[in-house]
**Student:** 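A single structure is presented below for examination.
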Amino acid sequence: MALQVYNTLHRRKELFTPQHEGFVGMYVCGPTVYSHSHLGHAKSYVSFDVIVRYLRSLGYRVLYVQNITDVGHLTDDADQGEDKLARQAGIERIHPMQLAETYTRSYFEDMDAMNVLRADIVPRASGHITEQIAIVQALIGKGMAYERNGSVYFDVGTFPAYGKLSGRTVEDLNAGARVEINEEKKHPADFALWKKAEAGHIMRWPSPWGEGFPGWHIECSAMSMKYLGEGFDIHGGGLENQFPHHECEIAQSEGATGKPFVRYWLHNNMVTVNGKKMGKSLGNFITLKDAFARWGPQVVRFFVLQSHYRSTLDFSDAAVEGAGAGYEKLANTLRNLREKIAAAAAGGEGPGIDLDRRTAEFRGAMDDDFNTPQAIAVLFDVARELNQAFASEKNYSRSSLEAIDGWYALHAGSMLGITLENAGAGESPGTFIGSLVALLIAVRSDVRAQKLWALSDRIRDGLARIGIGLEDKKTGTTWKRVS
RNA sequence: GGCGACGUACCCAAGUGGUAAGGGAGAGGUCUGCAAAACCUUUAUGCACCGGUUCGAAUCCGGUCGUCGCCUCCA
């Protein structure tokens, strides 16, 4: 079976074939950095992280570009709003670029914690003004854009394919227009490529049309084509960006180059709370920093991947805690596996797990438009089989157990980015904590041998209160960090 | 008003024609000094509702109800 991906452009799953054999160019709309990231951002960037990881596991050389938007997006409707960064910077009384830097760092901090691989190139919109102006000039040269009072607009009438991504027509937009009529535009659906900076606007650059700033969509066209070429394989982003953002990107990019812009458009769905979109306007968002403090970044990642990227994911404390318990189960299994490996002999038989079959199931799930919930189910299937084998008290060969360890490292670790190895694991005996706990365990073992249960439980309960959980097994007592 | 989705057990969530994955929670059991972990059993004759097509429908078609997204920055 080969990789199938759902292409929003055609509203169906399609066989994935890159433009150039063995190479994939991929661009994903990055965050606008004027506040901390929330769970919705996690859904998007974890999803695309897995897509990149899986493509690489298939042997593709992936060039992954993700921008940072630090200028140009307005708070309000298309023409009257103020720059979000500038507004927030005014509130915090700092320079907009300082604000952008602060939240760019915050963003990477959160993504790093969730094991999201950094993009290969992370271009900033403010650093690509020249490229954006060049596209606007090309469009004017072709008669597809026009200047009015220092602003430049794209003329949708010159691009008949406008609407091919979102399934809308210019007529629909005309009829349902909610934005106020902008007298400068020829048609209400025309969108700004460049905006004149009024007095007092901090973020401003010189241009052929006077001082101004770029429009809301042009940055992604400029930066994606600069690094990936005029036509590339995958463009990803949140569903809410399908229209108008991505529709406009197609219009201005294909208008300027005359070439097909993107082969596969991938859109992730959103995180909801009680069925409603998590977002700033409703005030129902939870920041990643808060979520990490409560459940840990790996649990948040696991929670996200237990739903399909094109499905909504309904958030609640109970839902995340349920995911956390499942994650803990996998982590426990891995920890037990490591303990068995340490004690295993070289020879002997294996636990009889058909890893080839499970690999095929896992691959089949991922090949079907990156079905991570099904792939995770395979992770649990292997865990159950392994635990069943361990319950029998038999000893298995080291190599057979190491093969399973390697299987998890590849499928859970490399492909899904789910780190199980260190979850809750006790420090190695050499560390300060490890030595201390080992001493307490040794003392408690003597106490237990004398059946002094009250004292024994006092040690266990006391350790539990400071985050160290003991487990008494036939082979001895082990410990792990607990919350 | 236009465009587009969704509705699967107590919760989260796969499944798009062949007889309901997985995780959590709950119940019972095994093991254990007791726990914890793990294992076993169990929990939707049923997939919003009503029709239709079919040998066969959660899956396809039509209708009804409900929820949501986009159309304004938004992952």
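Chain letters run A, B, ... following the sequence lines, proteins first, then strands; residues in each count from 1.
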**Student:** Base, sugar-phosphate, or nothing for A/Asp472, non-hydrogen atoms under 4.0 angstrom?
**Tutor:** base

**Student:** What nitrogen or oxygen pairs link the protein and nucleotides 26-30 of chain B at under 3.5 Å?
**Tutor:**
none

**Student:** B/A48 and B/A35: how far apart are their C1' atoms, nearest whole angstrom?
**Tutor:** 44 Å

**Student:** Examine the side chains of A/Asn7 and A/Lys13 and answer whether a donor and an acceptor come within less than 3.5 Å of each other.
**Tutor:** no

**Student:** Scan side-chain atoms only and decide if A/His267 and A/Thr8 contain a donor-acceptor pair under the 3.5 Å cut-off.
**Tutor:** yes

**Student:** What residues in residues 447-459 of chain A put a non-hydrogen atom under 4.0 Å from any atom of RNA chain B?
**Tutor:** A/Arg448, A/Trp453, A/Ser456, A/Asp457

**Student:** Which nucleotides of nucleotides 8-13 of chain B have their base under 4.0 Å from a protein heavy atom (B), which only their sugar-phosphate (S), and which neither (-), written as one string 5' to 3'?
**Tutor:** ----SS

**Student:** Could you label the plane-to-plane angle of the A/His245 and A/His217 rings as parallel, tilted or perpendicular, counting under 30° as parallel and over 60° as perpendicular?
**Tutor:** tilted

**Student:** Measuring only the P atom in each nucleotide, how far is B/C60 from B/C6? A whole number of Å is fine.
**Tutor:** 9 Å

**Student:** Which class fits the ring pair A/Phe315 and A/Trp295: parallel under 30°, tilted 30 to 60°, perpendicular over 60°?
**Tutor:** perpendicular

**Student:** Under 6.0 Å between ring centres, would you say that holds for A/His246 and A/Trp265?
**Tutor:** yes

**Student:** Can you list every pair that meets salt bridge (Lys or Arg N to Asp or Glu O under 4.0 Å) and has a residue in residues 303-312 of chain A, with sequence neighbours left out?
**Tutor:** A/Arg310-A/Asp369

**Student:** Measure up the A/Tyr264 and A/Phe16 rings against each other and bin them: parallel (under 30°), tilted (30 to 60°), perpendicular (over 60°).
**Tutor:** tilted

**Student:** Looking at A/Gly296, is its backbone amide N or carbonyl O close enough to the side chain of A/Arg301 to form a donor-acceptor pair, meaning the two atoms are under 3.5 Å apart?
**Tutor:** no

**Student:** Touch check for A/Ala323, heavy atoms < 4.0 angstrom, all strands: base, sugar-phosphate only, or nothing?
**Tutor:** nothing

**Student:** Give me the distance, rounded to whole Å, that separates B/C55 from B/G63 when you measure between the P atoms they each carry.
**Tutor:** 24 Å

**Student:** When rounded to the nearest Å, what value does the distance between P atoms of B/G17 and B/C31 take?
**Tutor:** 47 Å

**Student:** Within the 4.0 Å heavy-atom criterion, would you say A/Phe48 contacts the bases, only the backbone, or no part of the nucleic acid?
**Tutor:** nothing

**Student:** Both atom distances under 3.5 Å, Watson-Crick or G-U wobble: I'd like the secondary structure of RNA chain B as a dot-bracket string, with | for pairs made across strands.
**Tutor:** ((((((((.[[[..)..(...]]].(((((.......))))).....[[[[[..)....]]]]])))))))....

**Student:** What's the closest nucleotide to the side chain of A/Arg168 if the choices are B/A75, B/C39, B/G2?
**Tutor:** B/G2

**Student:** Return no unless some side-chain N or O of A/Asn241 is found under 4.0 Å from OP1 or OP2 of B/C74.
**Tutor:** yes

**Student:** Taking atom C1' in both B/U41 and B/G4, what distance in whole Å separates the two?
**Tutor:** 45 Å

**Student:** Dump the intermediate steps for ring-ring contact (aromatic ring centres under 6.0 Å, His included) on A/His201 and A/Phe213, then the final yes or no.
**Tutor:** CA-CA 9 Å; A/His201 197 103; A/Phe213 55 95; 4.3 Å; yes

**Student:** Using a heavy-atom cut-off of 4.0 Å across all strands, would you classify A/Ser392 as base, sugar-phosphate, or nothing?
**Tutor:** nothing

**Student:** Check for me whether A/Arg148 meets the cation-pi criterion with A/Tyr153, that is, NZ or CZ under 6.0 Å from the six-membered ring centre and within 45 degrees of the ring axis.
**Tutor:** no

**Student:** Base, sugar-phosphate, or nothing: which does A/Gly469 touch, judged by heavy atoms less than 4.0 Å apart?
**Tutor:** nothing

**Student:** Is it true that A/His36 and A/Tyr103 have ring centroids separated by less than 6.0 Å?
**Tutor:** yes

**Student:** Base, sugar-phosphate or nothing for A/Gln388? Non-hydrogen atoms, less than 4.0 Å.
**Tutor:** sugar-phosphate

**Student:** Considering only atom P, compute the distance from B/C47 to B/A27 and round it to an integer number of Å.
**Tutor:** 28 Å

**Student:** Of all the choices, B/A37, B/C70, B/G33, which nucleotide is nearest to the side chain of A/Arg444 once you look at every atom?
**Tutor:** B/G33

**Student:** For a quick check, tell me whether the side chain of A/Arg460 and the base of B/A35 share a donor-acceptor pair closer than 3.5 Å.
**Tutor:** yes

**Student:** Can you tell me if A/Asn67 and A/Thr69 form a side-chain donor-acceptor pair at under 3.5 Å?
**Tutor:** yes

**Student:** Say you pick atom P in B/A25 and the same atom in B/U32; how far apart are they, in whole Å?
**Tutor:** 24 Å

**Student:** Would you mind classifying the nucleic acid contact of A/Lys474 as base, sugar-phosphate or nothing, using non-hydrogen atoms under 4.0 angstrom?
**Tutor:** sugar-phosphate

**Student:** Would you say A/Asn371 reaches B/G15's phosphate, i.e. side-chain N/O to OP1/OP2 under 4.0 Å?
**Tutor:** yes

**Student:** For A/Tyr6, is the NZ or CZ atom of A/Arg12 found under 6.0 angstrom from the centre of its six-membered ring and inside 45 degrees of the ring axis?
**Tutor:** no

**Student:** Do A/Glu109 and A/Tyr107 have side-chain N/O donor and acceptor atoms under 3.5 Å apart?
**Tutor:** no

**Student:** Just jot down the side-chain contact (heavy atoms from CB on, under 4.5 Å) partners of A/Asn395, sequence neighbours excluded, or say none.
**Tutor:** none

**Student:** Quick check on B/C68: is either OP1 or OP2 less than 4.0 Å from any side-chain nitrogen or oxygen of A/Lys277?
**Tutor:** no

**Student:** How is A/Gly279 classified with respect to the nucleic acid when contacts are heavy atoms under 4.0 Å: base, sugar-phosphate, or nothing?
**Tutor:** nothing

**Student:** Among side-chain atoms of A/Thr104 and A/Asp70, is any donor-acceptor pair under 3.5 angstrom?
**Tutor:** no

**Student:** Mind checking the C1' distance from B/G15 to B/G22? Whole angstroms is fine.
**Tutor:** 11 Å

**Student:** Taking only N and O in the side chain of A/Lys473, is any of them less than 4.0 Å away from OP1 or OP2 of B/C31?
**Tutor:** no

**Student:** With a 4.0 Å cut-off on heavy atoms, is A/Val320 in touch with a base, just the backbone sugar-phosphate, or nothing at all?
**Tutor:** nothing

